[in-house]
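Computed from heavy atoms alone, side chains included, the values below leave out hydrogens, waters and symmetry copies. All values reported here derive from a predicted model rather than from experimental measurement.
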Amino acid sequence: MRKILAAAALCVVTAAAFAADDDAKTANRLIALDGTIQSINEELSSQRAQIGSLKADLKSISADDAAFRRSMLNELKALRRQNQSLVDALFTNQTDAKGGVSTVTPLRNYDMQTPDGKMFFGEAEYFYIKEANATIEARVDTGAAVSSISAEDITEFERSGRKWYRFHLRANDRDLELEAPFVRYSDIRQSSKETTSRRPVVSLNVKIGSYSTASEFTLTDRSSMQYALLIGRTLLQDIAVVDVSREHIQERADPDGLLILNRDSYNDLKKKGINPNAEFDERVKNSAGQIAYPSESYGANLGTNPNQALPQVVDKLKKEQENQENGR
(Lines give C-alpha, C1' and ligand atoms only; values in the text may rest on other atoms or scores of the structure.)
Protein backbone atom coordinates (compact mmCIF):
# COMPACT_ATOMS: atom_id res chain seq x y z
CA MET A 1 0.00 0.00 0.00
CA ARG A 2 2.82 2.34 0.90
CA LYS A 3 4.50 1.58 -2.39
CA ILE A 4 1.31 2.44 -4.28
CA LEU A 5 0.93 5.76 -2.45
CA ALA A 6 4.58 6.62 -3.08
CA ALA A 7 4.20 5.84 -6.76
CA ALA A 8 1.08 8.00 -6.95
CA ALA A 9 2.85 10.86 -5.22
CA LEU A 10 5.76 10.51 -7.63
CA CYS A 11 3.33 10.69 -10.56
CA VAL A 12 1.75 13.87 -9.17
CA VAL A 13 5.12 15.50 -8.64
CA THR A 14 6.21 14.48 -12.14
CA ALA A 15 2.99 15.80 -13.70
CA ALA A 16 3.38 19.07 -11.85
CA ALA A 17 6.94 19.35 -13.06
CA PHE A 18 5.86 18.71 -16.65
CA ALA A 19 2.99 21.20 -16.28
CA ALA A 20 5.33 23.86 -14.95
CA ASP A 21 7.71 23.15 -17.80
CA ASP A 22 4.85 23.48 -20.36
CA ASP A 23 3.72 26.78 -18.80
CA ALA A 24 7.25 28.16 -19.08
CA LYS A 25 7.53 27.06 -22.71
CA THR A 26 4.10 28.55 -23.50
CA ALA A 27 5.05 31.81 -21.85
CA ASN A 28 8.30 31.89 -23.78
CA ARG A 29 6.44 31.22 -27.02
CA LEU A 30 3.93 33.98 -26.27
CA ILE A 31 6.76 36.41 -25.55
CA ALA A 32 8.47 35.42 -28.81
CA LEU A 33 5.18 35.75 -30.71
CA ASP A 34 4.52 39.18 -29.19
CA GLY A 35 7.98 40.28 -30.26
CA THR A 36 7.35 39.01 -33.79
CA ILE A 37 4.01 40.86 -33.96
CA GLN A 38 5.62 44.06 -32.72
CA SER A 39 8.37 43.71 -35.31
CA ILE A 40 5.77 43.16 -38.04
CA ASN A 41 3.81 46.26 -36.89
CA GLU A 42 6.96 48.36 -36.95
CA GLU A 43 7.73 47.11 -40.46
CA LEU A 44 4.17 47.90 -41.55
CA SER A 45 4.40 51.40 -40.06
CA SER A 46 7.65 51.94 -41.93
CA GLN A 47 6.06 50.74 -45.16
CA ARG A 48 3.02 52.99 -44.61
CA ALA A 49 5.33 55.96 -44.15
CA GLN A 50 7.17 55.07 -47.35
CA ILE A 51 3.88 54.67 -49.23
CA GLY A 52 2.71 58.06 -47.91
CA SER A 53 5.95 59.64 -49.04
CA LEU A 54 5.59 58.02 -52.48
CA LYS A 55 1.99 59.30 -52.76
CA ALA A 56 3.12 62.81 -51.89
CA ASP A 57 5.89 62.59 -54.47
CA LEU A 58 3.46 61.30 -57.10
CA LYS A 59 0.99 64.08 -56.29
CA SER A 60 3.74 66.68 -56.60
CA ILE A 61 4.94 65.16 -59.87
CA SER A 62 1.36 65.07 -61.18
CA ALA A 63 0.83 68.73 -60.25
CA ASP A 64 4.10 69.71 -61.88
CA ASP A 65 3.18 67.70 -64.96
CA ALA A 66 -0.25 69.38 -65.18
CA ALA A 67 1.35 72.81 -64.76
CA PHE A 68 3.92 71.97 -67.43
CA ARG A 69 1.19 70.77 -69.79
CA ARG A 70 -0.82 73.97 -69.23
CA SER A 71 2.29 76.07 -69.78
CA MET A 72 3.16 74.22 -72.98
CA LEU A 73 -0.44 74.48 -74.21
CA ASN A 74 -0.49 78.22 -73.57
CA GLU A 75 2.85 78.64 -75.36
CA LEU A 76 1.59 76.63 -78.33
CA LYS A 77 -1.57 78.72 -78.48
CA ALA A 78 0.46 81.93 -78.33
CA LEU A 79 2.81 80.62 -81.03
CA ARG A 80 -0.14 79.69 -83.23
CA ARG A 81 -1.60 83.17 -82.82
CA GLN A 82 1.76 84.74 -83.69
CA ASN A 83 2.14 82.54 -86.76
CA GLN A 84 -1.36 83.41 -87.92
CA SER A 85 -0.61 87.09 -87.41
CA LEU A 86 2.55 86.78 -89.54
CA VAL A 87 0.67 84.94 -92.28
CA ASP A 88 -2.05 87.56 -92.17
CA ALA A 89 0.53 90.32 -92.46
CA LEU A 90 2.21 88.63 -95.43
CA PHE A 91 -1.07 88.35 -97.31
CA THR A 92 -1.99 91.96 -96.54
CA ASN A 93 1.30 93.48 -97.70
CA GLN A 94 0.65 95.90 -100.50
CA THR A 95 2.80 96.96 -103.45
CA ASP A 96 2.83 100.63 -104.25
CA ALA A 97 3.17 102.25 -107.73
CA LYS A 98 6.98 102.17 -107.55
CA GLY A 99 7.07 98.49 -106.76
CA GLY A 100 7.81 99.00 -103.08
CA VAL A 101 6.07 96.94 -100.42
CA SER A 102 4.28 98.74 -97.62
CA THR A 103 3.50 96.70 -94.53
CA VAL A 104 -0.11 96.64 -93.42
CA THR A 105 -1.11 96.02 -89.84
CA PRO A 106 -2.55 92.48 -89.37
CA LEU A 107 -6.30 92.35 -89.61
CA ARG A 108 -6.84 91.05 -86.09
CA ASN A 109 -5.28 90.74 -82.67
CA TYR A 110 -4.93 86.97 -82.44
CA ASP A 111 -4.59 87.11 -78.68
CA MET A 112 -8.23 88.22 -78.65
CA GLN A 113 -9.67 86.77 -81.86
CA THR A 114 -9.51 83.58 -83.88
CA PRO A 115 -8.41 83.72 -87.53
CA ASP A 116 -12.07 83.47 -88.60
CA GLY A 117 -13.03 86.50 -86.53
CA LYS A 118 -14.55 84.91 -83.42
CA MET A 119 -13.67 86.39 -80.05
CA PHE A 120 -11.73 84.53 -77.38
CA PHE A 121 -13.53 84.39 -74.03
CA GLY A 122 -11.71 83.32 -70.90
CA GLU A 123 -13.18 81.49 -67.93
CA ALA A 124 -14.22 84.90 -66.59
CA GLU A 125 -14.96 88.06 -68.58
CA TYR A 126 -16.27 91.58 -68.00
CA PHE A 127 -19.74 92.18 -69.52
CA TYR A 128 -21.37 95.60 -69.61
CA ILE A 129 -25.11 95.37 -68.86
CA LYS A 130 -26.91 98.44 -70.11
CA GLU A 131 -29.96 97.96 -67.85
CA ALA A 132 -27.67 98.01 -64.80
CA ASN A 133 -25.32 100.64 -66.28
CA ALA A 134 -22.53 98.53 -64.83
CA THR A 135 -19.85 96.09 -65.89
CA ILE A 136 -20.28 92.73 -64.19
CA GLU A 137 -17.59 90.09 -63.98
CA ALA A 138 -19.22 86.95 -65.36
CA ARG A 139 -18.38 83.29 -65.33
CA VAL A 140 -18.38 81.85 -68.84
CA ASP A 141 -19.93 78.37 -68.77
CA THR A 142 -20.33 76.34 -71.96
CA GLY A 143 -22.29 73.77 -69.97
CA ALA A 144 -25.15 76.20 -69.36
CA ALA A 145 -27.66 76.56 -72.17
CA VAL A 146 -29.04 79.96 -71.14
CA SER A 147 -27.30 82.85 -69.42
CA SER A 148 -28.54 83.94 -65.99
CA ILE A 149 -28.33 87.05 -63.84
CA SER A 150 -28.77 87.36 -60.09
CA ALA A 151 -32.23 88.68 -59.30
CA GLU A 152 -34.05 89.34 -56.02
CA ASP A 153 -37.38 91.01 -55.24
CA ILE A 154 -38.69 90.19 -58.72
CA THR A 155 -41.80 92.17 -59.69
CA GLU A 156 -43.92 91.83 -62.81
CA PHE A 157 -45.45 94.92 -64.42
CA GLU A 158 -46.79 96.13 -67.76
CA ARG A 159 -45.24 98.71 -70.05
CA SER A 160 -46.73 99.73 -73.41
CA GLY A 161 -48.88 96.61 -73.39
CA ARG A 162 -45.94 94.29 -72.82
CA LYS A 163 -44.94 92.28 -69.77
CA TRP A 164 -41.80 93.53 -68.02
CA TYR A 165 -39.89 92.55 -64.90
CA ARG A 166 -38.26 94.72 -62.27
CA PHE A 167 -35.64 93.12 -60.03
CA HIS A 168 -32.68 93.91 -57.79
CA LEU A 169 -29.11 92.74 -58.29
CA ARG A 170 -27.27 92.81 -54.97
CA ALA A 171 -23.52 92.25 -55.04
CA ASN A 172 -20.34 93.97 -53.83
CA ASP A 173 -22.40 95.89 -51.22
CA ARG A 174 -24.39 97.43 -54.09
CA ASP A 175 -28.10 97.28 -54.79
CA LEU A 176 -28.87 97.80 -58.48
CA GLU A 177 -32.45 97.98 -59.74
CA LEU A 178 -33.00 96.70 -63.28
CA GLU A 179 -35.99 96.60 -65.60
CA ALA A 180 -36.19 94.32 -68.63
CA PRO A 181 -38.85 93.02 -71.05
CA PHE A 182 -40.17 89.49 -70.57
CA VAL A 183 -39.31 86.92 -73.25
CA ARG A 184 -40.53 83.55 -72.01
CA TYR A 185 -40.49 81.16 -69.04
CA SER A 186 -37.81 78.55 -68.47
CA ASP A 187 -38.10 75.39 -66.36
CA ILE A 188 -34.91 75.03 -64.30
CA ARG A 189 -33.98 71.64 -62.86
CA GLN A 190 -31.50 71.76 -59.98
CA SER A 191 -28.98 68.95 -59.64
CA SER A 192 -29.77 68.54 -55.92
CA LYS A 193 -33.52 68.28 -56.52
CA GLU A 194 -35.75 66.29 -58.83
CA THR A 195 -38.37 69.04 -59.09
CA THR A 196 -38.22 71.94 -61.53
CA SER A 197 -38.82 75.63 -60.90
CA ARG A 198 -40.22 78.04 -63.47
CA ARG A 199 -38.13 81.17 -63.94
CA PRO A 200 -38.83 84.22 -66.11
CA VAL A 201 -36.41 84.94 -68.94
CA VAL A 202 -35.81 88.56 -69.92
CA SER A 203 -33.88 90.31 -72.67
CA LEU A 204 -30.83 92.34 -71.63
CA ASN A 205 -28.47 94.47 -73.69
CA VAL A 206 -24.86 93.43 -73.16
CA LYS A 207 -21.53 94.57 -74.50
CA ILE A 208 -18.10 92.98 -74.34
CA GLY A 209 -15.09 94.43 -76.05
CA SER A 210 -16.39 95.99 -79.27
CA TYR A 211 -19.33 93.61 -79.62
CA SER A 212 -22.83 94.40 -78.41
CA THR A 213 -26.02 92.39 -78.59
CA ALA A 214 -29.33 91.65 -76.90
CA SER A 215 -29.51 88.23 -75.25
CA GLU A 216 -31.78 86.17 -73.01
CA PHE A 217 -31.12 85.89 -69.28
CA THR A 218 -32.88 83.77 -66.68
CA LEU A 219 -33.72 85.62 -63.45
CA THR A 220 -32.17 83.52 -60.67
CA ASP A 221 -31.04 84.33 -57.15
CA ARG A 222 -27.25 83.99 -57.41
CA SER A 223 -26.47 85.97 -54.24
CA SER A 224 -24.81 82.92 -52.66
CA MET A 225 -22.66 82.23 -55.74
CA GLN A 226 -19.29 83.61 -56.78
CA TYR A 227 -20.53 85.40 -59.88
CA ALA A 228 -23.69 87.49 -60.18
CA LEU A 229 -23.67 86.85 -63.92
CA LEU A 230 -23.32 83.58 -65.83
CA ILE A 231 -22.86 83.48 -69.61
CA GLY A 232 -24.26 80.42 -71.39
CA ARG A 233 -24.24 78.96 -74.87
CA THR A 234 -27.05 81.13 -76.26
CA LEU A 235 -24.79 84.18 -76.07
CA LEU A 236 -21.56 82.36 -76.96
CA GLN A 237 -22.90 80.65 -80.06
CA ASP A 238 -21.28 81.80 -83.31
CA ILE A 239 -19.42 84.72 -81.70
CA ALA A 240 -16.83 83.30 -79.31
CA VAL A 241 -14.44 80.47 -78.52
CA VAL A 242 -13.81 79.75 -74.83
CA ASP A 243 -10.26 79.28 -73.55
CA VAL A 244 -10.62 78.23 -69.89
CA SER A 245 -6.88 78.62 -69.30
CA ARG A 246 -7.25 82.41 -69.56
CA GLU A 247 -9.30 85.16 -67.94
CA HIS A 248 -10.39 88.69 -68.90
CA ILE A 249 -9.21 88.43 -72.49
CA GLN A 250 -11.55 91.09 -73.85
CA GLU A 251 -11.26 94.72 -72.82
CA ARG A 252 -13.93 96.36 -70.70
CA ALA A 253 -16.54 98.20 -72.73
CA ASP A 254 -16.81 100.98 -70.11
CA PRO A 255 -13.49 101.17 -68.26
CA ASP A 256 -14.66 104.14 -66.19
CA GLY A 257 -18.05 102.76 -65.11
CA LEU A 258 -19.27 100.80 -62.12
CA LEU A 259 -17.60 97.39 -61.77
CA ILE A 260 -19.11 94.37 -60.00
CA LEU A 261 -16.46 91.73 -59.23
CA ASN A 262 -16.84 88.11 -58.21
CA ARG A 263 -17.43 87.66 -54.49
CA ASP A 264 -13.96 86.42 -53.45
CA SER A 265 -12.10 89.09 -55.40
CA TYR A 266 -14.26 91.84 -53.94
CA ASN A 267 -13.92 90.51 -50.38
CA ASP A 268 -10.14 90.29 -50.74
CA LEU A 269 -9.98 93.92 -51.86
CA LYS A 270 -12.36 94.93 -49.08
CA LYS A 271 -10.12 93.32 -46.43
CA LYS A 272 -7.22 95.36 -47.79
CA GLY A 273 -9.28 98.53 -47.58
CA ILE A 274 -9.46 98.91 -51.38
CA ASN A 275 -12.60 100.12 -53.12
CA PRO A 276 -12.47 99.06 -56.80
CA ASN A 277 -15.04 101.76 -57.59
CA ALA A 278 -13.44 104.62 -55.67
CA GLU A 279 -13.02 106.85 -58.74
CA PHE A 280 -16.53 106.02 -59.96
CA ASP A 281 -18.05 106.85 -56.56
CA GLU A 282 -16.14 110.13 -56.48
CA ARG A 283 -17.49 111.10 -59.90
CA VAL A 284 -21.04 110.24 -58.83
CA LYS A 285 -20.60 112.31 -55.66
CA ASN A 286 -19.33 115.29 -57.61
CA SER A 287 -22.18 115.03 -60.12
CA ALA A 288 -24.86 115.36 -57.45
CA GLY A 289 -25.59 111.65 -57.44
CA GLN A 290 -26.27 111.36 -61.16
CA ILE A 291 -24.61 108.31 -62.67
CA ALA A 292 -22.93 109.18 -65.95
CA TYR A 293 -23.62 107.05 -69.00
CA PRO A 294 -20.85 106.22 -71.48
CA SER A 295 -19.68 109.38 -73.18
CA GLU A 296 -20.04 110.19 -76.87
CA SER A 297 -16.47 108.96 -77.34
CA TYR A 298 -17.87 105.45 -77.18
CA GLY A 299 -19.94 106.20 -80.26
CA ALA A 300 -23.58 105.73 -81.03
CA ASN A 301 -22.98 102.58 -83.04
CA LEU A 302 -21.23 100.24 -80.64
CA GLY A 303 -20.65 96.84 -82.18
CA THR A 304 -21.03 95.02 -85.44
CA ASN A 305 -24.83 95.15 -85.55
CA PRO A 306 -26.29 98.70 -85.49
CA ASN A 307 -29.70 97.30 -84.55
CA GLN A 308 -28.18 95.97 -81.34
CA ALA A 309 -25.84 98.84 -80.51
CA LEU A 310 -25.60 100.40 -77.05
CA PRO A 311 -26.96 102.59 -75.73
CA GLN A 312 -28.22 105.36 -78.00
CA VAL A 313 -29.37 103.31 -81.00
CA VAL A 314 -31.19 100.71 -78.92
CA ASP A 315 -33.08 103.41 -77.02
CA LYS A 316 -34.09 105.05 -80.29
CA LEU A 317 -35.27 101.78 -81.83
CA LYS A 318 -37.26 100.87 -78.74
CA LYS A 319 -38.92 104.26 -78.65
CA GLU A 320 -39.86 103.99 -82.33
CA GLN A 321 -41.28 100.53 -81.75
CA GLU A 322 -43.34 101.69 -78.77
CA ASN A 323 -44.69 104.62 -80.79
CA GLN A 324 -45.75 102.25 -83.56
CA GLU A 325 -47.47 99.93 -81.09
CA ASN A 326 -49.32 102.86 -79.54
CA GLY A 327 -50.39 104.05 -83.02
CA ARG A 328 -48.65 107.40 -82.75
Residue pair Glu42 / Ser45, side-chain heavy-atom distance below 4.5 Å: no
Side-chain heavy atoms of Met225 within contact of Arg263, under 4.5 Å: no
Pair Asp173 + Lys270, salt bridge at N-O below 4.0 Å: yes
Worked check of side-chain contact (heavy atoms from CB on, under 4.5 Å) between Ile260 and Arg174: CA-CA 8 Å; Ile260 302 297; Arg174 306 270 174 165; 4.1 Å; yes
Considering all heavy atoms, the nearest Pro181-Arg162 contact: CB-NH2, 3.8 Å
Any donor-acceptor N or O pair under 3.5 Å, side chains Ser265, Asp268: no
Closest heavy-atom pair and its distance - Thr234, Ser147: OG1-N, 3.9 Å
Charged tip of Arg246 within 45° of Phe120 ring normal and under 6.0 Å: yes
Salt bridge present between Glu125 and Arg139 (N-O < 4.0 angstrom): no
Distance flag, aromatic centroids of Phe121 and Phe127, threshold under 6.0 Å: yes
Lys/Arg cation over aromatic Phe157: Arg166, 6.0 Å, 45° cone: yes
Evaluation steps, side-chain contact (heavy atoms from CB on, under 4.5 Å), between Thr220 and Ile149: CA-CA 6 Å; Thr220 307; Ile149 188 169; over 6 Å; no
side-chain hydrogen bond (donor to acceptor under 3.5 Å, both in side chains) assessment of Asp175 paired with His168: CA-CA 6 Å; Asp175 189 343; His168 287 255; 2.8 Å; yes
Residue pair Tyr128 / Asn133, side-chain donor-acceptor N/O under 3.5 Å: yes
Asp238 with Arg233: basic N within carboxylate O range, under 4.0 Å: no
Asp141 and Ile231: CA distance, side-chain angles, deciding distance, side-chain contact (heavy atoms from CB on, under 4.5 Å) verdict: CA-CA 6 Å; Asp141 185 3; Ile231 303 300; over 6 Å; no
With Asn275, the side-chain contact (heavy atoms from CB on, under 4.5 Å) member among Asn172, Leu269, Asp281: Asp281
Ion pair check, Arg159 and Glu179, cut-off under 4.0 Å: yes
Contact summary for Val241 and Lys118, nearest pair of heavy atoms: CG2-CD, 4.1 Å
Heavy-atom pair with the smallest gap, counting every atom of Ala151 and Phe167: CB-CD1, 3.5 Å
Side chain proximity check, Phe217 to Leu235, heavy atoms < 4.5 angstrom: yes
Considering all heavy atoms, the nearest Leu169-Ala228 contact: CD2-CB, 4.3 Å
Rounded distance [0.5 Å steps], CG in Leu219 versus CD1 in Ile154: 5.0 Å
Parallel, tilted or perpendicular, as decided by the 30° and 60° cut-offs, for the rings of Tyr185 and Tyr165: perpendicular
Within-4.5 Å side-chain heavy-atom neighbours: Arg222 and Leu230: yes
From CD (Glu158) to NZ (Lys163), nearest 0.5 Å: 10.0 Å
Test item: Asn277 side-chain N/O and Phe280 main-chain N/O as donor-acceptor pair under 3.5 Å: no
Audit row: Glu123, Val140, side-chain contact (heavy atoms from CB on, under 4.5 Å) steps and yes/no: CA-CA 5 Å; Glu123 190 175 25; Val140 180; over 6 Å; no
Enclosure of Glu152 CD (heavy-atom neighbours >12, cutoff 6.0 Å): yes
Heavy-atom neighbours of Gln47 CD exceed 12 at 6.0 Å: yes
